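Below: the structure, in structure tokens.
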Amino acid sequence: FDVECTQDASVLTAAKLKELDAVFFYTTGALPISEPDFGALLEWLKSGKGFVGAHSATDTFGNFKPYFELINGTFAGHPWGSGTKVTITNHEPTHPIVAMWEPEFQFVDEIYQYKNYDPTSVRVLLSLNMAKCTPKMPYMVPVSWVREVGQGRLFYTNLGHNEKTWTDPNFE
């Protein structure tokens, strides 16, 4: 397959999407995507395409409801900073997206907590094990999830803040 990388989100037009099978967001803040083009992105995804978001993708379009409903969350702080070792539970170790991870493992990366998160709309694949993390929270903190969007599929992972994450063989 071919990969086209850009830092210019304005290229994600309805015409451009016809050439793509998947998009990957490692983004933050407001993006120069018009509402009509975002609508085209949603329709494109629903038609059977793929959307992948990593780490700061949930810190993108923070107040744009169609986006945070799509990705299923908005950044609401990172109490587990970039140098914090956390323990992560792999809820579906046979799922191909997380099969490389042990049923429980430790990892050092910045972990987000979310607002606008609906646990009923996704399958959580990885989450923090609160019994073994500091700080502890009285709620589940998902790390990676999947969901279907029409005929399309979405995958999001909170991992990806640290450069070391991107070179970890399990993450590559």
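This is a predicted model, so every value here is computed, not measured.
The aromatic rings of F61 and F38 sit perpendicular to each other, their planes meeting at more than 60°, with 30° as the lower class boundary. Taking the six-membered ring where tryptophan is involved, the planes of F105 and W101 are essentially parallel, since the angle between them stays under 30° and well short of 60°.
There is a side-chain donor-acceptor pair under 3.5 Å between T165 and D109. T6 and D8 share no donor-acceptor pair across their side chains, judged by distance under 3.5 Å alone. Judged purely by distance below 3.5 Å, without hydrogens or angles, the side chains of S144 and T157 pair a donor atom with an acceptor atom.
No more than 12 heavy atoms of other residues, nucleotides or ligands lie within 6.0 Å of CD in Q151, so this atom counts as exposed by the packing criterion. Counting heavy-atom neighbours within 6.0 Å of E104 CD, excluding the residue itself, gives a total above 12. Residue K164 qualifies as open at atom NZ: its count of foreign heavy atoms under 6.0 Å is 12 or below. The local environment of CD in E148 is sparse, with at most 12 non-hydrogen atoms from other residues, nucleotides or ligands closer than 6.0 Å.
Between the side chain of S56 and the main chain of D59, no donor-acceptor pair closer than 3.5 Å is present. Judged purely by atom type and a 3.5 angstrom limit, D118 uses its side chain to pair as donor or acceptor with the backbone of T120. Here the side chain of T27 pairs no donor or acceptor atom with the backbone of A57 at under 3.5 angstrom. Looking at S127, its side chain never comes within 3.5 Å of a backbone N or O of P142 through a donor-acceptor pair. With hydrogens and angles ignored, the 3.5 Å screen pairs no side-chain donor or acceptor of N129 with any backbone N or O of T87.
Not counting sequence neighbours, T94 has no partner by the side chain to side chain contact (heavy atoms under 4.5 Å, CB included) test. Listed by chain and number, the residues in a salt bridge (charged side-chain N to carboxylate O under 4.0 Å, His left out) with E19 are K16 (sequence neighbours excluded). Taking F155 as the reference, nothing meets the ring pair (Phe, Tyr, Trp, His ring centres under 6.0 Å) condition, with sequence neighbours excluded. Every residue two or more places apart in sequence or in another chain was checked for a side-chain hydrogen bond (donor to acceptor under 3.5 Å, both in side chains) with T89, and none qualifies. Residues satisfying the ring pair (Phe, Tyr, Trp, His ring centres under 6.0 Å) criterion with F68, sequence neighbours excluded, are absent altogether. Not counting sequence neighbours, the partners of S121 by the side-chain hydrogen bond (donor to acceptor under 3.5 Å, both in side chains) test are N72. Residues satisfying the ring pair (Phe, Tyr, Trp, His ring centres under 6.0 Å) test with H91, not counting sequence neighbours, are none. Checked against ring pair (Phe, Tyr, Trp, His ring centres under 6.0 Å), W80 has no partners two or more places apart in sequence or in another chain.
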Show me the side-chain donor-acceptor pairs of residues 40-47 shorter than 3.5 Å, one per line, residues at least two apart or across chains.
from: W44; atom 1: NE1; to: L17; atom 2: O; distance (Å): 3.0
from: W44; atom 1: NE1; to: L20; atom 2: O; distance (Å): 3.1
from: S47; atom 1: OG; to: W44; atom 2: O; distance (Å): 2.6

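Contact of the V141 side chain with the M130 side chain is registered, since non-hydrogen atoms from C-beta on lie closer than 4.5 Å. Between D168 and F107 there is a side-chain heavy-atom pair separated by less than 4.5 Å. Under the 4.5 Å side-chain criterion, counting only non-hydrogen atoms from C-beta, V23 is in contact with L12. Within the 4.5 Å cutoff, side-chain heavy atoms of V146 are placed close to those of H95. Counting only heavy atoms from C-beta outward, the side chains of I111 and T84 never approach each other to under 4.5 Å.
The stretch residues 5-25 participates, sequence neighbours left out, in these ring-ring contact (aromatic ring centres under 6.0 Å, His included) pairs: F25-F51. Counting only residues at least two apart or on different chains, the ring-ring contact (aromatic ring centres under 6.0 Å, His included) pairs with a member in residues 118-149 are Y114-W145, Y117-W145, W145-Y156.
Between Y112 and H55, the distance separating the two ring centers is shorter than 6.0 angstrom.
Summarising the hydrophobic clusters (Ile, Leu, Val, Met, Phe, Trp, Tyr; side-chain heavy atoms under 4.5 Å, direct or chained), the residues clustered with F1 are V3.
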